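Quick caveat, the model's predicted, so the values are computed rather than measured. What you see below is based on every heavy atom in this structure, not just the backbone, and it leaves out hydrogens, waters and symmetry mates.
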2 protein chains.
Amino acid sequence: MPTILIVDDEEDIRELIAINLLREEKYSLLEAINGLEALHLAKTKRPDLIILDLMLPEMDGLTVHKNLRDDPRTVNIPVIMLTARGRLEEKIHGLEMGADDYLAKPFSPKELMLRVRNLLRRTNPNQGGSLIESGPFSLDKNALKLHLEGEEIELTATEFKLLLSLIESPGITQERGDLLKKVWGYSDMIQTRTLDTHIKRLREKLGANGNSIETVRGVGYRFLEGASH
Amino acid sequence: MPTILIVDDEEDIRELIAINLLREEKYSLLEAINGLEALHLAKTKRPDLIILDLMLPEMDGLTVHKNLRDDPRTVNIPVIMLTARGRLEEKIHGLEMGADDYLAKPFSPKELMLRVRNLLRRTNPNQGGSLIESGPFSLDKNALKLHLEGEEIELTATEFKLLLSLIESPGITQERGDLLKKVWGYSDMIQTRTLDTHIKRLREKLGANGNSIETVRGVGYRFLEGASH
DNA sequence: TCTCGCGGTGACGTAATTGTCACGACAGCA
DNA sequence: TGCTGTCGTGACAATTACGTCACCGCGAGA
């Protein structure tokens, strides 16, 4: 699931993009308002694609873009630029600086989505951190497999999503409601034993490392990095 | 030096593009006026990029594009579409069909050039030969044939495209929806057994190596490089 | 027109996956 | 110590996803 960073001052636009992308349920989003925040996010979270509005409050969009290109960590993340009007010089300037695509407002949300999709298709397939490591665990997003102490453990789609949710925030307790929402899309406050059952199945598959998943009574579960006692 | 195929009825445009591209001395060009000629050129000379005007005399540009996408030899050559006006539906239709970029006339020659450059930059590394090798497999894009352990296996066009899609990203799971879109052009989320059937036929033809195509339940399929256990 | 190969569809069987239930264990509390 | 609410667990049933097959339509070529 590719992650997309949206850098835009206007709430309308961010919302528009978010709604249209998330409807496909194949993308996750980050959002940023000013340039510095965007740079920080891009470097720490490594999005697969950046949508960058050139009109930003604190920092000019082109400057943000230049900073992205100057940093080896972000240099080859593709960028789609948005601008107020199709001012040709700006457009050319943007493309010259290495923007991968350029849209003038107002744009059709559908067109943006298609351009996002096309760009990711060309750009994504072979790379992208498909490996997530934490302690002795190594999750392979592509194969839905878990590598643990040399063993290769197969997980089902649900188990994988659940473990991923836990492992993404090690040490943090995730409330039952949040997990249900993240993994199952359940609206909050539902009464079900489904979560417990899947936790149990996960623990079974983790074998001796099953205690990495800790129960926080009355709240939820959390993943411990250095477990196995 | 990447080769670019220009398909356009209007001499002005061809000239405009040619002048601008050749000035950089980094490109070689092919030209075509009508659709059939374009298809022929695309298949025999394998350009790295195609610039396709939708207004063609004998054959509609979208038809040309569809033909390009249907043929495994040309399916992943990137396409930039040109059209008379920024008619939104046409634009969306084009992008949906897998055009990598879309420009409305009149366009700035400089913008086109930059988009060409960006597209080639993203796209080129993988391409080149008509032979794709992976493990004991060797796919010949021109002959639509598969060589495997000395044997020569004939594949139909659909089978070839499917295998190609899988083999292009070894180890990466391709979702059912993506495969349906890539190989069949189906819009997403369609319920059909077509994909399964063709996977089965492929596995049959691969014989003992059939297990190179692995099912990832609930997600899709993926191609394994070192299989055959 | 006939034949043949290809490609797609729907029916069906099977296996994997998932959610629910019942019940027991246990912590927290008074 | 007994009560209460929460969680772990195993069994079970429902659902979903996939593999396989038979069959049909279509277009190319004879």
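If you check D/dG19, C/dC26, C/dG7 against the side chain of A/R217, the one that comes closest is C/dC26. The listed nucleotides are D/dC7, C/dG8, C/dT18; the one nearest the side chain of A/Y221 is D/dC7.
At the heavy-atom level, A/T158 lies under 4.0 Å from the strands shown only through sugar-phosphate atoms. Across all strands shown, B/T197 has heavy atoms under 4.0 Å from base atoms, whether or not it also approaches the sugar-phosphate. Within the nucleic acid shown, A/T194 comes within 4.0 Å of at least one base atom, counting heavy atoms only.
Per the geometry, CG belonging to A/L155 stands 10 Å off P belonging to C/dT17, to the nearest Å. Atom CD1 in B/I199 sits roughly 11 Å away from atom C1' in D/dG19 (whole-Å rounding). For B/R201 and C/dG8, the CZ to P distance is 8 Å, given to the nearest whole Å. We find that NE2 of A/H198 is positioned 14 Å from P of D/dG8, with the value rounded to whole Å. For the pair A/L179 CG and C/dG19 C1', the computed distance is 17 Å after rounding to whole Å. Atoms CG (B/L180) and C1' (C/dG8) sit 12 Å apart, rounded to a whole Å. Counting to the nearest Å, the P atom of D/dT16 and the CD atom of B/Q191 are 11 Å from each other. Summarising the geometry, the separation between CG on B/L195 and P on C/dG10 is reported as 15 Å, rounded to the nearest angstrom.
For A/R203 and D/dG8, a side-chain-to-base donor-acceptor distance below 3.5 Å is absent, hydrogens and geometry of angles not being considered. You'll find a donor-acceptor pair under 3.5 Å spanning the side chain of A/R193 and the base of D/dG8, going by distance alone.
With respect to B/K205 and B/E159, a salt bridge is recorded, a charged nitrogen being found less than 4.0 Å from a carboxylate O.
Each of A/N209, A/I153, A/I167 was checked for a side chain to side chain contact (heavy atoms under 4.5 Å, CB included) with A/L146, and the lone residue meeting it is A/I153.
For the pair A/T156 and C/dA16, the criterion of a side-chain N or O lying under 4.0 Å from OP1 or OP2 is not met. The side chain of B/W184 places no N or O atom within less than 4.0 Å of a non-bridging phosphate oxygen (OP1 or OP2) of C/dG7. Look at A/K200 and you won't find any side-chain N or O under 4.0 angstrom from OP1 or OP2 of D/dC7.
If you take CG on B/L166 and OH on B/Y221, they are separated by 9.5 Å, rounding to the nearest 0.5 Å. Rounding to the nearest 0.5 Å gives a distance of 10.0 Å between OG1 of A/T3 and CD1 of A/I77.
Between the side chains of A/R203 and A/T215, a donor-acceptor pair is found at a separation under 3.5 Å.
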